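Keep in mind the model is a prediction, meaning the values are calculated, not measured.
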Amino acid sequence: MDLGDLLGPLGWMVQVAAAFAIAFFAQTVFSRQGKTFAGVARASAVIALLAVLGAAWVVHPAAGMLLGFFGSRAFGNWRGAQPGLLAGLLAAAVFMALGAGWLIFPLFFMGMAWLASSPFREPAPERAVPVAPVPLPQQAGGVILTKSPAGAQDAGLGGYVRDERLPADARAQLAALNLRSQEALDLLRAQGQAGSEAEYVARAIREEYAPNAVEAYLKLPRTLADSAPLQDGKTGRALLVEQLELLLDGVQDVLNSALQSGGQELLTHGRFLRDRFAKPTLDLGADLRVPVEVKPR
C-alpha cells in the first residue's frame, strides 16, 4: 500500500477525531478542570495537534469557545481560575498562529474591558445607609429587620442581579447563573428530558439553592458582611461567592451532560448519512484490467 492509499483513511480519521476534540475541549474549559493549567493546556494541545494533522478548521470553533471561557472566568472572582486563564492565553496565541487570526480583535477588546473593571483593586466596603427604625412588636431586642427589594424574589435571579446590596462579583455570578440555568432547562426540554433528574437539579439551582444563598447573605449585618470572618477566615461575601461558584459548576455539569446526549444523536445521524450517501472508493487497479479473449482451438 503506497502513501496515497494511507492518506485517504488517515484524513477521514483526523476529521472525525476533530469533532470529538471540540466536545472534549468544551467539556474541559467549562468545567472545574477549566480552572487548572494542566486541564486547559491538555485540551488545547489536542486541538493544535489535529489542526497540524489536517483538520485546520478545528481551531476556529475552539477559539470561539475560548472567548466564552474568558468571559465566564476572567470577570468577578478570577483569582481562583488564574492558572487556567494563563493556559487559555497561551492557547489563544497558538490558535491564532494556526489560522484563527481573527481572535486577536475580540480578545483585545475583552482585555480592555477587563482592565477597566479594576480587577486588582479591592472594592471599598459598603457604607451603611442610616434607616429610621420602625417599631415591630413581634421583634425582641430591638433588632431591625430588612427585606429584599420589592419583587426581587418574584423576578428570579434577575432581581438579585439588580440588587445593589450584593457585591459586584456575586451579581456577575448570578447573571451568568441566570443565563446558564435557563439555557439548561430549555435544552433539556428540547431533548425530551423534562422531569428528569438533570432538569430537577437545574431548576433547584435556579429557584432554590441560589436564592437561599443570597437571602442568607442579605440577613448579615451590612457593616460586617464583607469584613468580619465567619468560617476559616472567610467573610460572608467570600462564602457567598464560593457557593455561587459551586452552583455555576453544577449547572455546567448539566450542560455538559446535555451536550453529550445531543452529540450522540448528531454522531448517529452522521453515520446514517455516510452509510446512505457516501460513494464507495474505486479500485483503480481493477478498472484498468484489460479482458483477455480466449479463442477456441
Side-chain angles (χ1 to χ4, degrees), residues 30-32 34-35 71-73 75-81 123 125-126 128-129 131 134 136 138-141 143-189 193-258:
F30 293 114
S31 66
R32 294 182 180 89
K35 298 180 181 180
S72 62
R73 299 290 189 187
F75 296 91
N77 187 22
W78 60 274
R79 289 178 174 81
E126 297 181 359
V129 179
V131 179
V134 179
L136 298 175
Q138 68 274 23
Q139 293 178 216
V143 179
I144 300 174
L145 299 179
T146 58
K147 295 184 178 181
S148 299
Q153 292 183 345
D154 296 337
L157 297 182
Y160 290 120
V161 173
R162 297 185 294 271
D163 192 340
E164 296 183 355
R165 294 177 301 163
L166 295 175
D169 47 357
R171 281 188 283 166
Q173 289 174 301
L174 286 167
L177 195 59
N178 185 32
L179 294 175
R180 292 188 193 175
S181 61
Q182 187 60 56
E183 179 187 4
L185 290 172
D186 294 341
L187 184 58
L188 290 171
R189 281 195 292 266
Q193 298 190 47
S196 64
E197 181 180 358
E199 195 263 354
Y200 170 79
V201 171
R203 188 174 299 280
I205 289 175
R206 179 180 179 84
E207 300 178 0
E208 181 180 353
Y209 301 152
N212 287 349
V214 174
E215 288 297 324
Y217 170 83
L218 292 176
K219 291 178 182 178
L220 299 175
R222 295 297 88 219
T223 56
L224 301 176
D226 299 342
S227 58
L230 293 177
Q231 182 183 23
D232 299 332
K234 298 179 181 179
T235 64
R237 171 182 176 173
L239 291 173
L240 174 63
V241 170
E242 181 181 272
Q243 293 176 20
L244 293 178
E245 188 68 26
L246 289 174
L247 294 178
L248 280 170
D249 290 339
V251 171
Q252 192 60 50
D253 290 341
V254 174
L255 285 171
N256 290 338
S257 177

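Gln173 and Asp169 share no donor-acceptor pair across their side chains, judged by distance under 3.5 Å alone. Side-chain polar atoms of Asp226 and Tyr217 form a donor-acceptor pair below 3.5 angstrom.
The two residues Thr235 and Ala225 make their nearest non-hydrogen contact at CB-O, 3.8 Å. When all heavy atoms of Ala202 and Ser181 are compared, the closest pair comes out as O-CB, 4.4 Å. When all heavy atoms of Leu244 and Ala210 are compared, the closest pair comes out as CD2-CB, 4.5 Å.
Using a cutoff of 4.0 Å between basic side-chain nitrogens and carboxylate oxygens, Glu242 and Arg237 are not scored as salt-bridged. Taking the charged nitrogens against the carboxylate oxygens, Asp232 and Lys234 have no contact shorter than 4.0 Å, which rules out a salt bridge. In summary, Arg203 and Glu199 engage in a salt bridge, as defined by a charged side-chain N under 4.0 Å from a carboxylate O.
Between Val201 and Asp253, every side-chain heavy-atom pair lies at or beyond the 4.5 Å cut-off. With a 4.5 Å cut-off on side-chain heavy atoms, Leu255 and Glu183 count as touching. Considering only heavy atoms from C-beta on, Leu174 stays 4.5 Å or farther from Asp163 through its side chain. In this structure, Leu166 and Leu218 have side chains that are in contact, with non-hydrogen atoms separated by less than 4.5 Å. Contact of the Arg180 side chain with the Leu247 side chain is not registered, since no non-hydrogen atoms from C-beta on lie closer than 4.5 Å. Side-chain atoms of Ser31 and Asn256, non-hydrogen and from C-beta on, do get closer than 4.5 Å to each other. Counting heavy atoms from C-beta on, the side chains of Arg171 and Tyr160 never come closer than 4.5 Å.
Atom-to-atom distance recorded for Leu239:CG and Leu220:CG is 9.0 Å, nearest 0.5 angstrom. Here the straight-line distance linking atom CG of Leu179 with atom CG of Leu157 works out to 10.0 Å at 0.5 Å rounding. Here CG of Leu240 is found 11.5 Å from CD of Glu245. Values are rounded to the nearest 0.5 Å. Summarising the geometry, atom CG belonging to Leu248 is positioned 11.0 Å from atom CZ belonging to Arg32; distances are rounded to the nearest 0.5 Å.
When the shell of 6.0 Å around CD of Glu197 is examined, it contains 12 or fewer heavy atoms from other residues, nucleotides or ligands.
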Report the C-alpha distance between Gln193 and Val254 in whole Å, list the side-chain angles of each, state the deciding distance to 0.1 Å, and finish with yes or no for side-chain contact (heavy atoms from CB on, under 4.5 Å).
-> CA-CA 12 Å; Gln193 298 190 47; Val254 174; over 6 Å; no

Derivation of the side chain to side chain donor-acceptor pair (under 3.5 Å) call for Gln182 and Asn178 | CA-CA 6 Å; Gln182 187 60 56; Asn178 185 32; over 6 Å; no

